[in-house]
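In what follows, a single structure is set out as structure tokens and then discussed.
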Number of protein chains: 2
Amino acid sequence: MVRPNAGTKGVPRLDRETQILDIASEQFGTQGFSATSVAAIADKAGISKPLIYNYFGSKEGLYEACLDRGGALLADEIERIARGDAVGIERGMATLAGMFTLLEPQPYLWRLFFDATAPSTGPIADSIALYAERIGKLADEGVTELMGLAGNADPLDISAMTAVWLGIVDSLMNWWMEHPDESADQMMQRCLRLLTALFGGDAE
Amino acid sequence: MVRPNAGTKGVPRLDRETQILDIASEQFGTQGFSATSVAAIADKAGISKPLIYNYFGSKEGLYEACLDRGGALLADEIERIARGDAVGIERGMATLAGMFTLLEPQPYLWRLFFDATAPSTGPIADSIALYAERIGKLADEGVTELMGLAGNADPLDISAMTAVWLGIVDSLMNWWMEHPDESADQMMQRCLRLLTALFGGDAE
DNA sequence: TCGTGGTAACTTACCCAAAAGTCATATAAG
DNA sequence: CTTATATGACTTTTGGGTAAGTTACCACGA
């Protein structure tokens with residue numbers, strides 16, 4: 001039987017995997033796990049569905065690969081910033097600046113870890129939990145410092161404040177996705193203005 | 001053919017509809033639209049799927065009914081608060097207090113209007129847009145006031161700040177869902193403490 | 001008090017489309 | 001001529017939606 005498009009296109013596996021991960025991350029990040037179909041990803045990549053299954057095993061396997069790549073990126077950066085000496089609000093702003101720079105080409109990466117439609121059990125949930133914990137732990141640490149400065153050490157207060165902080169980052173990333181023309185630098189300037197508006201002066 | 005469970009159970013339509021809406025709202029609110037199946041709702045209600053279709057026409061019709069019931073509740077309350085004379089941060093806190101009180105039994109109601117997996121076209125989108133606009137408009141109004149006090153009138157700044165504000169409410173509702181033992185009053189006290197920690201004193 | 005027929009409440013068993021996942025096979029390249 | 005890269009055409013599963021029928025209840029006349 002003739003199969004006009006079959007046969008290798010000369011793209012090495014690693015390159016192809018990278019390409020697939022790029023496209024899949026964008027789809028998963030913007031549409032969510034359950035609303036994304038493997039066929040759509042294959043289409044966008046200009047390849048066939050079975051190739052994706054060859055390389056990643058399943059839709060969940062593909063999502064996991066996206067998580068691993070994106071999670072390492074995010075967590076490494078946040079950890080790097082945490083090692084700096086900024087404290088309190090300043091540390092938050094530094095983290096934000098790092099996130100904006102890191103995610104300038106792909107703010108949707110952030111959403112991978114906060115997708116309500118992703119499976120809540122199995123390897124995906126484990127993977128999400130792993131990175132969420134890594135990120136959450138650092139957020140928690142920063143928030144604990146901040147709250148400590150104000151004399152509050154209540155664990156539930158800290159937990160709630162951490163949730164709020166992550167929610168703020170989340171909404172900024174979402175807002176950014178809806179305003180793709182904004183540069184990382186513009187986003188950061190904007191955040192500083194919002195902070196100023198809140199505190200009625202600069203927050204040194 | 002024998003059909004052991006068929007026939008009326010003596011539950012009047014309105015009662016049944018209310019029961020279905022209660023369960024559906026919880027499922028949609030916690031799992032999201034696309035991750036919720038009509039069969040699952042029927043199961044939880046102890047009835048069969050076709051009954052739901054009899055009463056609500058379609059999955060979308062059911063979601064819309066949830067939106068209408070929940071949206072009126074939320075928007076009315078937020079509008080009531082907006083008519084008060086609180087301004088700036090105070091108005092935000094008043095709104096929060098109202099939300100906590102209103103949503104004490106069902107914090108997930110809030111999520112109905114911020115579900116990324118809901119259809120983005122058709123009657124549902126319209127219905128969401130309607131309430132989101134009603135809520136968003138008031139949020140925007142409050143934020144505009146707040147920013148105005150600080151001398152900032154930039155529309156994009158205001159848009160971003162509104163997104164952040166809605167994100168904060170969202171994360172507090174999510175946190176609440178994970179801590180169902182907290183009362184509305186406790187939640188509010190907690191928020192006041194968080195605010196105090198941020199501003200280093202009470203925010204009068 | 002007993003049919004009896006109309007209606008509201010309800011179910012089983014199915015259809016169908018979409019999307020996950022698989023199999024057998026084809027081609028390029030070294 | 002073997003292997004990595006690749007595909008068309010299939011099967012399976014899932015979930016929204018439907019057709020056709022069953023059962024309980026109630027009003028009403030004899």
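Everything numeric in this text was worked out from a predicted model, so none of it was measured.
- Using a 4.0 Å heavy-atom cutoff across all strands shown, A:S34 reaches no nucleic acid atom at all.
- Comment: A:R111 does not engage A:E26 in a salt bridge, judged by the lack of any side-chain N to carboxylate O separation of less than 4.0 angstrom.
- Taking atom CG of residue A:L51 and atom P of nucleotide C:dA20, one finds them 16 Å apart after rounding to whole Å.
- If you measure from atom CG of B:L14 to atom C1' of C:dC10, you get 17 Å, rounded to the nearest angstrom.
- A:Y55 comes within 4.0 angstrom of sugar-phosphate atoms only, judged by non-hydrogen atoms across all strands, and of no base.
- With hydrogens and angles left out, the side chain of B:K49 and the base of D:dG17 share a donor-acceptor pair within 3.5 Å.
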The test is side chain to side chain contact (heavy atoms under 4.5 Å, CB included); show your working for B:K44 and B:Q27 and say whether it passes. CA-CA 10 Å; B:K44 289 224 171 202; B:Q27 293 296 303; 3.5 Å; yes
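- We find that B:R83 and B:E79 are not joined by a salt bridge, their nearest charged nitrogen and carboxylate oxygen being 4.0 Å or further apart.
- With no hydrogens or angles considered, a side-chain donor-acceptor pair links A:T117 and A:D115 at under 3.5 Å.
- B:I20 has its CD1 atom 11 Å from the P atom of C:dA9, to the nearest Å.
- At whole-Å resolution of the value, CD in A:E17 and C1' in D:dA6 are 14 Å apart.
- The CD1 atom of B:I47 sits 12 Å away from the P atom of C:dT12 (whole-angstrom rounding).
- Residue B:S48 is in base contact, counting any heavy-atom pair closer than 4.0 Å across all strands shown.
- The side chain of A:P50 lies closest to C:dC23, out of D:dA6, D:dG17, C:dC23.
- Here C:dA8 presents its P atom at 16 Å from CG of B:D15, a figure rounded to the nearest Å.
- At C:dA9, none of the side-chain N or O atoms of B:K9 fall inside 4.0 Å of OP1 or OP2 (strictly under the cut-off).
- Taking the nucleotide of DNA chain D with the nearest heavy atom to each of B:E60 and A:G10, the more 5' of the two is matched to A:G10.
- The nearest whole Å value for the distance from the OH atom in B:Y53 to the P atom in D:dA19 is 13 Å.
- Around atom CG of B:D85, no more than 12 heavy atoms belonging to other residues, nucleotides or ligands sit under 6.0 Å away.
- If you measure from atom CZ of A:R16 to atom P of D:dT5, you get 10 Å, rounded to the nearest angstrom.
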